[in-house]
Protein chains: 2
Amino acid sequence: MTAGESNGADELIGTEAPRDPESALARLAGRHAAGYRSVGVMAYDIIREAILDGTLPPGHKLRQETLAELIGVSRLPVRSALIQLESDGLVEFHDRRGAVVKSLSSEQAREVYQLRILLETEALRHSMADMTDQRLARLRELGRTADAKQEGGDFVDARTAFYAELYDAARLPIQWELIEQLRLKVGRYMLGWRLVGDDTHHHSHDELTDAVAAGDVEQAVALLRHHLEGVRDGVLDMLEAESLAKAAPTRRRSRS
Amino acid sequence: MTAGESNGADELIGTEAPRDPESALARLAGRHAAGYRSVGVMAYDIIREAILDGTLPPGHKLRQETLAELIGVSRLPVRSALIQLESDGLVEFHDRRGAVVKSLSSEQAREVYQLRILLETEALRHSMADMTDQRLARLRELGRTADAKQEGGDFVDARTAFYAELYDAARLPIQWELIEQLRLKVGRYMLGWRLVGDDTHHHSHDELTDAVAAGDVEQAVALLRHHLEGVRDGVLDMLEAESLAKAAPTRRRSRS
DNA sequence: CCCGAGATTTCTGGATCCAAGATGCAGACT
DNA sequence: AGTCTGCATCTTGGATCCAGAAATCTCGGG
């Protein structure tokens with residue numbers, strides 16, 4: 001690609017199809033432009049978001065130089081960010097050959113959801129023991145928001161807010177941290193979930209809130225488990241589709 | 001026991017009392033001197049080990065310059081190491097004021113062990129479903145080693161090896177990763193555990209191996225849970241003692 | 001004698017520069 | 001003609017250098 005067109009490309013791309021990571025990441029960088037204490041965490045946020053929303057697909061090579069100039073900083077904060085992302089399990093370092101976006105195998109996805117079910121149902125049990133009306137009201141609100149946003153960019157954020165509120169009553173910060181880690185690992189694939197999810201789950205957050213409000217622990221746990229299993233299956237389908245697409249890649253037509 | 005005797009207690013804890021982190025860390029650096037692909041991971045290993053064996057106590061300020069020249073490298077790989085250690089939950093960054101060794105509150109310790117019980121008993125159940133004689137033999141060996149080493153530097157390593165072998169049959173790499181994270185958080189306090197641990201636990205690994213060999217899942221799970229609860233109580237006592245010691249600090253003699 | 005404001009000093013965070021290793025291509029040899 | 005080896009280039013990893021912010025120390029005032 002010629003350098004002269006990259007300026008215009010930024011203008012043109014308004015659709016949600018991040019064809020080339022270059023311009024898409026530049027837009028992300030623009031949104032995150034101001035108000036950061038250190039550019040290191042800014043770089044971290046930008047790259048993390050880019051991985052999570054699919055701008056940087058699994059397997060993508062992450063060249064420090066490119067990322068640095070796209071974000072508008074030096075290579076050093078990029079390196080910091082990549083190190084953090086490695087600890088988060090989102091990228092993978094190959095010894096002297098740089099970092100790539102980690103991809104998730106079906107087995108790993110299965111294990112992640114197995115663990116999420118284990119940890120989140122446990123958190124739910126603890127949380128329901130200390131539920132307050134006030135919290136319940138907030139939960140209701142957040143649940144409706146999460147159910148409403150079946151798609152869109154802040155789709156994942158809405159869910160995160162709901163579960164954060166739900167489990168927060170348990171006052172188990174380390175457990176929540178682990179849950180967040182696990183959610184992060186599958187976050188990139190949750191975006192495509194609505195593509196395969198059926199209507200069964202469309203009100204799951206509200207239903208769950210009902211069970212919590214009623215104090216029916218077993219029902220709530222069952223709903224949560226069922227919900228997670230549903231999402232898991234969706235993610236597995238997504239992974240399946242993706243591996244198929246990789247096996248038979250779409251033909252790319254040469255540009256004019 | 002009075003706080004004034006805490007000096008003597010330090011003698012008990014270790015063969016060598018790491019009075020000043022300087023020289024102790026320099027020795028550590030010497031042991032790790034050679035055979036690393038990158039000095040960044042070397043710095044990580046050294047600092048991590050220093051935190052885990054108590055050379056760098058909780059609350060200690062980690063000045064990059066000092067660490068760098070002690071290890072014998074530049075500040076940059078030290079920064080990388082600190083970032084990784086932050087993700088591991090071992091150090092904590094204060095915005096523009098550098099990093100300190102994270103300390104563990106009683107509540108956090110309790111939560112860690114609650115989670116370890118949850119995750120490890122689950123791993124044990126899965127593991128026992130796929131146990132082989134070969135693995136059992138190795139387990140027996142490692143268990144005896146772990147039981148034998150009630151003290152010493154590689155005390156934690158022996159236990160890690162045992163549990164790694166025990167849970168490995170389950171083929172749950174992510175779950176093991178989480179368990180390792182949790183063990184890391186309390187690793188620094190496990191060193192002092194034997195001081196308060198009673199004889200009840202001295203053969204716990206061997207007993208556990210027996211139950212696993214017998215295929216008695218519930219018995220094995222009960223033993224594991226009991227063992228972890230015992231360690232937890234020891235760690236809590238240790239934390240209690242440490243907070244007392246902090247409240248009544250050792251008298252400081254003026255330097256020459 | 002104590003408290004506060006300012007200056008100094010120290011330390012972190014970022015940028016630029018340098019060296020070492022890996023990849024890929026081209027040429028030569030079998 | 002195919003393959004192996006050597007060279008050029010690219011990219012990461014590390015070191016030194018620079019700027020900004022925070023803590024401390026000191027001096028002056030109350």
Side-chain angles (χ1 to χ4, degrees), chain A residues 1-3 21-22 25 29 32-48 50-51 56 59-88 90-102, chain B residues 20-22 25 29 32-48 50-51 56 59-87 90-102 252 254-255:
Chain A
M1 66 183 71
T2 58
E22 305 270 325
L25 213 145
H32 282 265
Y36 269 99
R37 45 203 168 120
S38 78
V39 294
V41 303
M42 182 180 76
Y44 171 78
D45 277 357
I46 292 174
I47 301 175
R48 178 170 165 275
I51 293 174
L56 295 169
H60 188 89
K61 278 209 63 171
L62 296 168
R63 296 200 310 111
Q64 301 178 351
E65 182 80 34
T66 310
L67 291 174
E69 61 191 30
L70 278 171
I71 296 173
V73 295
S74 162
R75 267 178 45 208
L76 211 141
V78 172
R79 266 165 74 177
S80 300
L82 290 178
I83 291 171
Q84 284 182 264
L85 289 165
E86 188 203 17
S87 292
D88 291 344
L90 287 181
V91 309
E92 193 175 12
F93 272 84
H94 288 107
D95 204 14
R96 273 271 191 177
R97 303 200 279 142
V100 298
V101 180
K102 230 184 192 174
Chain B
D20 61 322
E22 305 271 325
L25 213 144
H32 281 267
Y36 269 99
R37 47 211 162 108
S38 77
V39 294
V41 303
M42 183 181 76
Y44 171 78
D45 277 357
I46 292 175
I47 301 175
R48 178 170 164 275
I51 293 175
L56 296 171
H60 188 89
K61 278 208 63 170
L62 296 168
R63 297 199 309 110
Q64 300 178 351
E65 182 80 35
T66 309
L67 290 174
E69 61 190 28
L70 242 48
I71 295 173
V73 295
S74 161
R75 271 177 40 208
L76 213 142
V78 171
R79 268 165 71 176
S80 301
L82 290 179
I83 291 171
Q84 284 182 265
L85 289 166
E86 188 202 17
S87 291
L90 287 180
V91 309
E92 194 176 11
F93 273 82
H94 287 108
D95 204 13
R96 269 271 191 178
R97 304 200 283 142
V100 297
V101 179
K102 231 183 191 173
R252 66 187 64 197
S254 60
R255 302 168 213 237

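Just so it is clear, the structure is predicted and the values come from calculations on it, not from any experiment.
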TODO: Could you pick out which residue, A/Val41 or A/Asp95, lies toward the 5' side of DNA chain C when each is mapped onto its nearest nucleotide?
DONE: A/Val41
Task: Closest to the A/Ser74 side chain, choosing from D/dT16, C/dA15, D/dG14 - done: C/dA15
- [ ] Could you state the atom-to-atom distance from CD of B/Gln84 to C1' of D/dG13 in whole Å?
- [x] 13 Å
Task: Between P of C/dG13 and OH of A/Tyr44, the distance in whole Å - done: 17 Å
TODO: Whole angstrom is fine here: how far is it from NZ in B/Lys61 over to C1' in D/dA23?
DONE: 9 Å
Task: Length of the line joining A/Ile83:CD1 and C/dG14:C1', which is rounded to integer Å - done: 15 Å
Task: A/Glu65 CD to D/dC10 P, straight-line distance once rounded to whole Å - done: 11 Å
- [ ] Could you check how far NE2 of A/His94 sits from C1' of C/dT23, rounded to whole Å?
- [x] 15 Å
Open item on the list: So if I take every side-chain heavy atom of B/Arg79 and compare against C/dA22, D/dA21, C/dG14, which nucleotide ends up nearest?
Closed with: C/dG14
Open item on the list: Run B/Leu76 and A/Leu76 through side-chain contact (heavy atoms from CB on, under 4.5 Å) and show every step you take.
Closed with: CA-CA 9 Å; B/Leu76 213 142; A/Leu76 211 141; 3.7 Å; yes
Open item on the list: Base, sugar-phosphate or nothing for B/Leu62? Non-hydrogen atoms, less than 4.0 Å.
Closed with: sugar-phosphate
Open item on the list: Just N and O in the side chain of B/Arg97: are any of them under 4.0 Å from OP1 or OP2 of C/dC11?
Closed with: no
Open item on the list: Return the CD to CD distance between A/Gln84 and B/Glu86, rounded to the nearest 0.5 Å.
Closed with: 6.0 Å
Open item on the list: Let me confirm one number: the NE2-CD1 distance from B/His60 to B/Ile51, rounded to the nearest 0.5 Å.
Closed with: 9.5 Å
Open item on the list: With hydrogens left out and only the distance checked, is there a donor-acceptor pair under 3.5 Å joining B/Arg75's side chain and the base of C/dG13?
Closed with: yes
Open item on the list: From the set C/dA15, C/dG13, D/dG13, return the single nucleotide nearest to any side-chain atom of A/Phe93.
Closed with: D/dG13
Task: Among C/dA15, D/dA15, D/dT11, the nucleotide that comes nearest once only the side chain of A/Arg63 is considered - done: D/dT11
- [ ] Using heavy atoms to find the nearest nucleotide of DNA chain D for A/Ala99 and A/Leu76 separately, return the residue whose nucleotide is more 5′.
- [x] A/Ala99
Task: Residue A/Arg96, side-chain atoms from C-beta onward, closest of D/dG13, D/dA15, C/dT12 - done: D/dG13
Task: Gap separating the CD1 atom of A/Ile47 from the CD1 atom of A/Ile71, nearest 0.5 angstrom - done: 4.0 Å
TODO: Could you check whether A/Ser38 gets within reach of a base, just the sugar-phosphate, or nothing at all, counting any heavy atom under 4.0 Å?
DONE: sugar-phosphate
Open item on the list: For the CG atom of A/Leu85 and the CG atom of A/Leu62, what is their distance to the nearest 0.5 Å?
Closed with: 8.5 Å
